[in-house]
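Take a look at the structure below.
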Amino acid sequence: MAGQDSTSSFGAPILLTGATGYVGGRLLRVLAGKGLPVRCLARRPEHLRGRVPEAAEVVRGDVLDAETLDDALAGVATAYYLVHSMGSTGDFVEQDRLGATNFARAAGRAGVRRIIYLGGLGDADAELSAHLYSRQEVGEILRSTGVCVIEFRASIVIGSGSLSFEMIRCLVERLPVMVTPRWVSIPAQPIDVTDLLHYLVAALDLDGHESRIFEIGGADVVSYGELMREYARQRGLRRLMIPVPVLTPRLSSLWLGLVTPVYARVGRKLIDSIRHPTVVRDAHALEVFDVRPRGVRDSIAGALRSEDQDWAETRWSDAMSSAGPERRWTGVRFGSRIVDSREIRVAAAPAEAFAPIRRIGGATGWHYGNWLWRLRGFLDLLIGGVGMRRGRRDPERLQVGDTVDFWRVEAFEPDRLLRLSAEMKVPGRAWLEFEVRPEASGSVIRQTALFDPVGLEGRAYWVGLYPIHQLVFSGMLRGIAAASGPAVACPKRSAFVTWAALLGFVILCFGVAGASGVATAMSIESGWYASLGKPAWTPPDWIFGPVWSALYLAMAVAAWLVWRRRGGSDAVVPMALFASQLGLNAAWSVLFFGLRRPGWAFVDIVLLWAAIAVTTRSFWGISRPAGWLFVPYLLWVTFAGALNLAIWRMSG
């Protein structure tokens with residue numbers, strides 16, 4: 001309720017942190033829509049300026065860098081603190097603690113009258129997860145300097161693009177049968193993002209100068225399982241949920257990382273929090289604020305309406321923190337910059353030539369070798385990267401700061417320039433740039449890949465993937481040209497590209513073998529594999545290396561034969577099948593040796609056998625030699641599956 005002491009009456013700028021995040025991005029639009037002066041704090045202002053209203057101010061600052069906060073808070077009466085380190089790969093509790101301490105001290109020095117903070121629900125007297133404990137500790141730290149703090153504690157946030165909604169949507173849409181662990185039945189009180197924004201805005205005009213804590217939630221108390229059932233009901237889907245008591249948070253998070261856009265590191269923290277009830281115990285907020293939160297049914301219906309439009313106002317994955325901690329390159333010595341540039345002429349105006357570039361990534365794909373892009377994303381996920389799960393915010397429109405799969409838009413000029421900065425795991429810095437310029441007969445499309453390698457590892461990475469890059473980049477440029485209009489002097493596939501493709505397939509297959517070998521070697525060195533019970537017909541350990549080397553080589557040659565026979569878009573289905581079996585192949589080593597789960601590995605090898613059988617049949621219809629090359633692989637995996645089953649039963 002507004003009064004004479006309300007902080008919004010002073011006309012001073014409102015500082016907004018977390019403006020690139022899911023809640024912060026939506027709050028920015030609401031505040032600007034009310035004509036309030038907003039100042040956004042951003043680590044990289046260039047990623048935010050294109051997304052804020054003209055009247056909003058963007059300043060550089062980082063809560064983890066105390067020296068950047070004094071100027072940002074100068075003249076501010078009210079500040080929103082919407083920062084958390086959930087996407088961090090390190091000690092997120094310590095990072096949250098440091099950020100809150102820096103901000104609280106800077107706010108005290110600047111004379112800030114009020115901090116509005118969004119925390120998490122949870123019984124402070126009970127044992128909380130590290131994430132929930134950190135959210136409540138941050139509130140205490142913000143209050144420690146005497147600045148008035150209005151803290152809202154919320155549970156699950158429901159809205160198009162929110163972390164929880166995206167997880168529910170993907171699980172229900174993709175899995176007709178779900179094995180659900182115990183945490184799926186824990187009660188929570190979800191709140192619609194629109195109602196949450198009403199609370200955050202209403203706090204500007206709250207009477208008084210004392211700090212207060214408000215627990216807020218929607219009209220219904222439900223579990224994640226009930227949320228999934230309601231989503232399925234509204235989508236007209238029949239889903240079977242089988243409860244199990246033994247799926248650990250670690251395994252659950254890894255599963256979420258494979259099936260949903262949620263990264264394993266985020267999923268683990270999310271599940272740790274879901275395991276605790278997050279229900280409103282003090283409903284005082286309903287008396288103080290003129291907000292009447294809606295129920296789960298209306299919230300999901302509203303989120304689905306936005307999803308049906310194929311557009312979400314903000315997404316959790318667009319936040320800068322979604323890619324993990326920002327890489328600091330200060331003091332890093334880079335090798336000589338590597339540039340791969342090529343161009344093609346098309347009989348199309350610049351706007352038409354740029355259209356397929358503007359739509360690149362996400363559901364549209366990359367105009368060539370989409371299965372290779374997906375495989376690269378899968379390997380990135382295995383080593384802790386973001387993978388390809390983020391997609392795009394909008395299928396048609398781009399702006400600086402947007403995510404495009406495992407890239408982020410660094411520069412964008414309509415109908416002329418798109419530059420993407422890599423956020424996948426690479427030993428250095430990488431960019432992919434597209435430029436269109438007009439000429440008399442149409443347009444010239446220039447595509448440039450740039451890489452700043454770090455050390456010998458960076459150079460080896462580029463040299464090792466050079467054949468694959470040649471294959472993918474040349475094919476992508478041809479695909480863009482084909483999508484924009486008839487090409488002028490379109491280059492044909494050369495003998496060099498053909499043989500480079502063979503080398504690329506070999507490197508790809510043996511790269512997967514090498515990644516799998518890391519997990520295998522660790523378990524063998526630790527003695528875990530030696531301790532397992534094995535049948536008498538188990539081959540000696542030395543035989544596995546030569547056999548798998550021969551199989552990976554045959555696999556690569558088979559894929560190359562199919563690609564050479566079909567190539568381009570005609571090879572999409574067989575190459576997608578090839579990629580799926582290769583991914584399952586890599587996952588087996590992670591499950592058996594990495595996680596030491598022979599039972600889960602057996603499930604994987606059954607799926608792998610089926611994928612190999614389907615791939616073999618597909619290859620056979622295109623190239624008989626390619627089909628024959630897959631037969632030994634199928635026979636060996638049949639034997640390996642029987643051995644896996646025997647070891648599982650003897651070691652159970």
Side-chain angles (χ1 to χ4, degrees), residues 337-373 376 392 394-400 402 404-405 407-422 430-452 462 465-504 563-572 575:
R337 173 166 290 183
I338 300 170
V339 179
D340 180 291
S341 188
R342 62 195 73 220
E343 64 180 35
I344 192 170
R345 287 171 169 79
V346 294
E352 296 171 329
F354 195 79
I357 296 171
R358 188 185 71 242
R359 302 185 184 108
I360 203 164
T364 301
W366 293 84
H367 300 291
Y368 182 83
N370 286 327
W371 68 275
L372 282 170
W373 288 93
R376 177 62 176 89
R392 308 178 33 135
D394 185 281
E396 288 286 340
R397 293 174 292 181
L398 277 180
Q399 54 191 18
V400 173
D402 277 357
V404 179
D405 296 329
W407 304 88
R408 190 176 292 272
V409 178
E410 187 173 272
F412 181 73
E413 298 177 27
D415 300 335
R416 200 190 80 81
L417 176 72
L418 171 64
R419 184 166 63 247
L420 303 171
S421 174
W431 297 266
L432 183 60
E433 184 175 280
F434 303 91
E435 185 178 6
V436 175
R437 65 178 188 271
E439 66 171 20
S441 59
S443 302
V444 177
I445 304 173
R446 174 170 287 275
Q447 171 191 286
T448 305
L450 302 100
F451 183 59
D452 289 343
W462 182 267
L465 290 179
Y466 179 77
I468 295 178
H469 285 159
Q470 292 297 307
L471 172 69
V472 171
F473 291 154
S474 61
M476 179 167 57
L477 185 58
R478 290 196 304 270
I480 290 171
S484 61
V488 179
C490 181
K492 296 182 179 180
R493 185 186 297 161
S494 65
F496 170 78
V497 170
T498 300
W499 291 107
L502 174 59
L503 181 58
W563 171 84
R564 190 177 66 167
R565 179 69 62 86
R566 283 285 181 89
S569 59
D570 292 338
V572 169
M575 290 296 103

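Keep in mind that the numbers below use all heavy atoms, side chains included, and drop hydrogens, waters and symmetry copies. Numbering starts at 1 and runs along the sequence shown.
With rounding to the nearest 0.5 angstrom, the CZ atom of F412 is 9.5 Å from the CG atom of D402. If you take OG on S441 and CZ on R345, they are separated by 7.0 Å, rounding to the nearest 0.5 Å.
Contact check for I357 versus I445: side-chain heavy atoms found under the 4.5 Å cut-off. Between V436 and D415, every side-chain heavy-atom pair lies at or beyond the 4.5 Å cut-off. Residues I338 and L450 have side chains not in contact (no heavy-atom distance under 4.5 Å, counting atoms from C-beta outward). Contact annotation: the side chain of V444 never approaches that of I344 to less than 4.5 Å [non-hydrogen atoms, C-beta and beyond]. A heavy-atom distance below 4.5 Å is not found between the side chains of I480 and F354. The shortest distance between side-chain heavy atoms of F434 and I360 falls below 4.5 Å. Contact of the R419 side chain with the W407 side chain is not registered, since no non-hydrogen atoms from C-beta on lie closer than 4.5 Å. A 4.5 Å side-chain heavy-atom check between V404 and W366 finds at least one atom pair inside the cut-off.
Scanning for side-chain hydrogen bond (donor to acceptor under 3.5 Å, both in side chains) contacts around W431 gives E410, with sequence neighbours left out. With sequence neighbours excluded, the residues satisfying side-chain hydrogen bond (donor to acceptor under 3.5 Å, both in side chains) with D340 are R342, Q470. For the salt bridge (charged side-chain N to carboxylate O under 4.0 Å, His left out) test, residues two or more places apart in sequence or in another chain that qualify with E396 are R358, R359.
Contact record, R446 with T448: CG-OG1, 3.7 Å, taken as the closest heavy-atom pair. Taking both residues in full, the closest heavy atoms of V346 and S484 are given as CG1-OG, 3.8 Å, listed atom of the first, atom of the second, then distance. Closest approach of P350 and P438 over heavy atoms only: CG-CB, 3.7 Å.
E343 and S341 share no donor-acceptor pair across their side chains, judged by distance under 3.5 Å alone.
Ring geometry for W462 against H469 counts as tilted: the plane angle lies between 30° and 60°, on a 0 to 90° scale.
With hydrogens and angles disregarded, no donor-acceptor distance shorter than 3.5 Å links the side chain of H367 to the backbone of A483.
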